[in-house]
Structures are given as structure tokens and as C-alpha cells.
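Remarks on the structure that follows.
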Amino acid sequence: QIRYLFGGSEAVLASVSLTHAEYARRGFFELVTVAMLLLPVLAALNWARRQDEPSRRLFIGLTVVMAALLAVVLASAWLRMTLYRETYGLTELRFYTSATLIWVAGTVLWFVVLVVRDRIELMLAGALAFAVVMLLGCYALNPDALIVRTNLDLAQRNVRALDVEYAASLSADALPPLIEA
């Protein structure tokens with residue numbers, strides 16, 4: 001359970017003097033900042049390094065280590081966002097933030113694969129293609145209906161009352177699960 005891992009939501013608030021929102025946003029923006037800095041720096045280092053086999057092996061090793069460390073930051077951001085969603089429910093912003101975390105993870109993984117295969121020139125095309133796949137996946141998930149279903153589930157489990165005003169502000173896609181409930 002997320003609450004167990006973090007010592008409960010009260011422990012989060014008491015231990016770091018942050019609201020849930022600040023806690024989740026901080027993790028997300030830390031991740032985005034690290035990823036935006038790390039991938040271009042690694043790409044520049046790959047371009048500037050000597051093009052011999054020892055340099056290539058060293059660069060691959062360092063890239064894998066850096067990607068693993070970034071994965072730890074990504075996991076932290078995901079857990080923070082999960083805590084936030086479980087406490088306050090799902091919103092469009094939280095949905096797209098979670099989708100962005102998945103995109104960043106996929107892009108970092110793509111970068112590592114390209115470094116290992118020595119095909120870094122395909123980085124931008126792959127990152128853009130993955131972004132398109134993510135957008136199509138978000139469209140297929142029907143975010144507004146998913147938001148309502150998630151928030152209804154939280155209400156049924158007595159975690160949080162359904163925010164009817166927010167649910168009513170969503171698109172017509174949110175109506176079927178609302179009517180069903």
C-alpha cells in the first residue's frame with residue numbers, strides 16, 4: 001500500500017511540511033527537470049567522446065547507470081502521484097501528468113537502447129513516435145470516463161467523496177459511468 005510506504009498521508013504532511021499537491025508536483029517537476037538535463041547532456045557526451053570501443057563501452061556503462069538513477073527518480077514521482085490520486089481522486093491534470101511520466105520512462109528506455117546499439121541518431125524520431133502512441137493511447141482510454149470511474153471507485157471505498165461539481169464539468173464522455181452509478 002502506498003500509504004504504508006509513506007507512513008500515511010499525515011506522516012507526509014508532518015514530516016516535510018508539504019501539502020499532498022506540493023509533494024506530488026515537486027516529484028513530477030524534479031523528474032522532468034532531471035530528464036530534460038540528462039538526455040541532452042548524455043547525447044552531447046556521446047557526440048564528443050572518442051569513437052573507439054573502450055570509450056563506447058564506458059559510455060554505455062555510464063548511460064545505463066544514469067538511466068537507472070533516473071528510474072529511481074521516476075519511481076518516486078510515480079509513487080507521489082499515486083498518493084495524490086488516492087487521496088484527492090483523479091483529474092485531467094493528474095491523468096495527463098501520469099501519462100507524461102510514462103512517456104518520460106519510455107523515452108529514457110529508448111535512449112538507453114539506442115546508446116547500446118550505437119544508433120543515437122534515431123532518438124528524436126523514436127521519442128516523437130512514442131509521444132504519438134501515448135496520445136493515441138490516452139484517446140483510447142477515454143480520460144473523462146476513466147476519471148469518473150476512478151473517482152466513483154474511491155467514493156465507493158469511502159476514501160473520498162465524489163466531487164460531483166468536477167465530474168459535471170467533464171465532457172460528455174463522463175456521462176455513461178455517472179449514469180451507470
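Residues passing the side-chain hydrogen bond (donor to acceptor under 3.5 Å, both in side chains) test with Arg149: none are found, sequence neighbours excluded. Taking the salt bridge (Lys or Arg N to Asp or Glu O under 4.0 Å) definition, one finds that Arg49 meets it with Asp118, sequence neighbours left out. With sequence neighbours left out, the salt bridge (Lys or Arg N to Asp or Glu O under 4.0 Å) criterion links Glu180 to no other residue. Listed by chain and residue number, Arg119 satisfy the salt bridge (Lys or Arg N to Asp or Glu O under 4.0 Å) test with Glu121 (two or more places apart in sequence, or in another chain). In terms of the side-chain hydrogen bond (donor to acceptor under 3.5 Å, both in side chains) criterion, Thr91 has no residue partners (sequence neighbours excluded).
When each of Arg85, Met81, Glu92 is paired with Thr97, the side chain to side chain contact (heavy atoms under 4.5 Å, CB included) condition holds for Met81 and for no other.
Nearest approach of Asn151 to Gly89, heavy atoms of both residues: OD1-CA, 3.2 Å. Here the closest heavy-atom approach between residue Ile102 and residue Phe130 is recorded as O-CE2, 3.7 Å. For Cys138 against Ala99, the heavy-atom pair with the smallest separation is SG-CB, 3.7 Å. Between Ala174 and Asp144, the shortest heavy-atom contact is CB-O, 3.9 Å. Contact between Ala127 and Trp103 at its shortest, heavy atoms only, is O-NE1, 3.2 Å.
Relative to the ring axis of Tyr88, Arg160 does not place its NZ or CZ within 45° and under 6.0 Å from the centre.
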> For Leu178 and Leu162, what are the C-alpha separation, side-chain angles and deciding distance, and is it a side chain to side chain contact (heavy atoms under 4.5 Å, CB included)?
Replying inline: CA-CA 11 Å; Leu178 280 173; Leu162 178 66; 4.3 Å; yes
> Does the pair Met123 and Thr107 meet the rule for a side chain to side chain contact (heavy atoms under 4.5 Å, CB included), with working shown?
Replying inline: CA-CA 8 Å; Met123 177 62 198; Thr107 301; 3.3 Å; yes
> Hey, mind stepping through Thr150 and Phe95 against side chain to side chain contact (heavy atoms under 4.5 Å, CB included) and telling me if it holds?
Replying inline: CA-CA 11 Å; Thr150 301; Phe95 173 82; over 6 Å; no
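Grouping Ile, Leu, Val, Met, Phe, Trp and Tyr by side-chain contacts under 4.5 Å, direct or through others, puts Leu62 with Leu58.
Side chains of Asn46 and Leu42 form no contact here, defined as non-hydrogen atoms less than 4.5 Å apart. The side-chain heavy atoms of Leu69 and Val73, taken from C-beta on, include no pair separated by under 4.5 Å.
Note that the CG atom of Asp52 and the CZ atom of Arg57 stand 9.0 Å from one another [nearest 0.5 Å]. Atom CH2 of Trp110 sits about 10.0 Å away from atom CD1 of Ile120, to the nearest 0.5 Å. Atom CG of Leu79 sits about 11.5 Å away from atom CD of Glu86, to the nearest 0.5 Å. Atom CG of Asp153 and atom CG of Leu90 lie 11.0 Å apart (nearest 0.5 Å). Separation of atoms CD1 (Ile147) and CG (Asp163) is listed at 11.5 Å; rounding is to 0.5 Å. In this structure, Thr63 OG1 and Leu39 CG are separated by 9.5 Å, a value rounded to the nearest 0.5 Å.
Side-chain atoms of Arg56 come within 3.5 Å of backbone N or O of Val116 as a donor-acceptor pair.
Residues Leu128 and Val104 do not share a hydrophobic cluster, clusters being chains of Ile/Leu/Val/Met/Phe/Trp/Tyr side chains in contact below 4.5 Å. Connection of Phe59 to Leu122 is established within a shared hydrophobic cluster, with ILVMFWY side chains joined at heavy-atom distances below 4.5 Å, either directly or through further cluster members. The hydrophobic cluster containing Leu109 does not contain Leu101, counting ILVMFWY residues as joined when their side-chain heavy atoms lie under 4.5 angstrom apart, directly or transitively. Leu154 and Val148 are assigned to two separate hydrophobic clusters, defined by single-linkage of ILVMFWY side chains at heavy-atom distances under 4.5 Å. Linking Ile, Leu, Val, Met, Phe, Trp and Tyr residues whenever their side-chain heavy atoms come within less than 4.5 Å leaves Trp47 and Phe111 in two separate clusters.
Counting non-hydrogen atoms of neighbouring residues, nucleotides and ligands closer than 6.0 angstrom, the CD atom of Gln51 exceeds 12 such neighbours.
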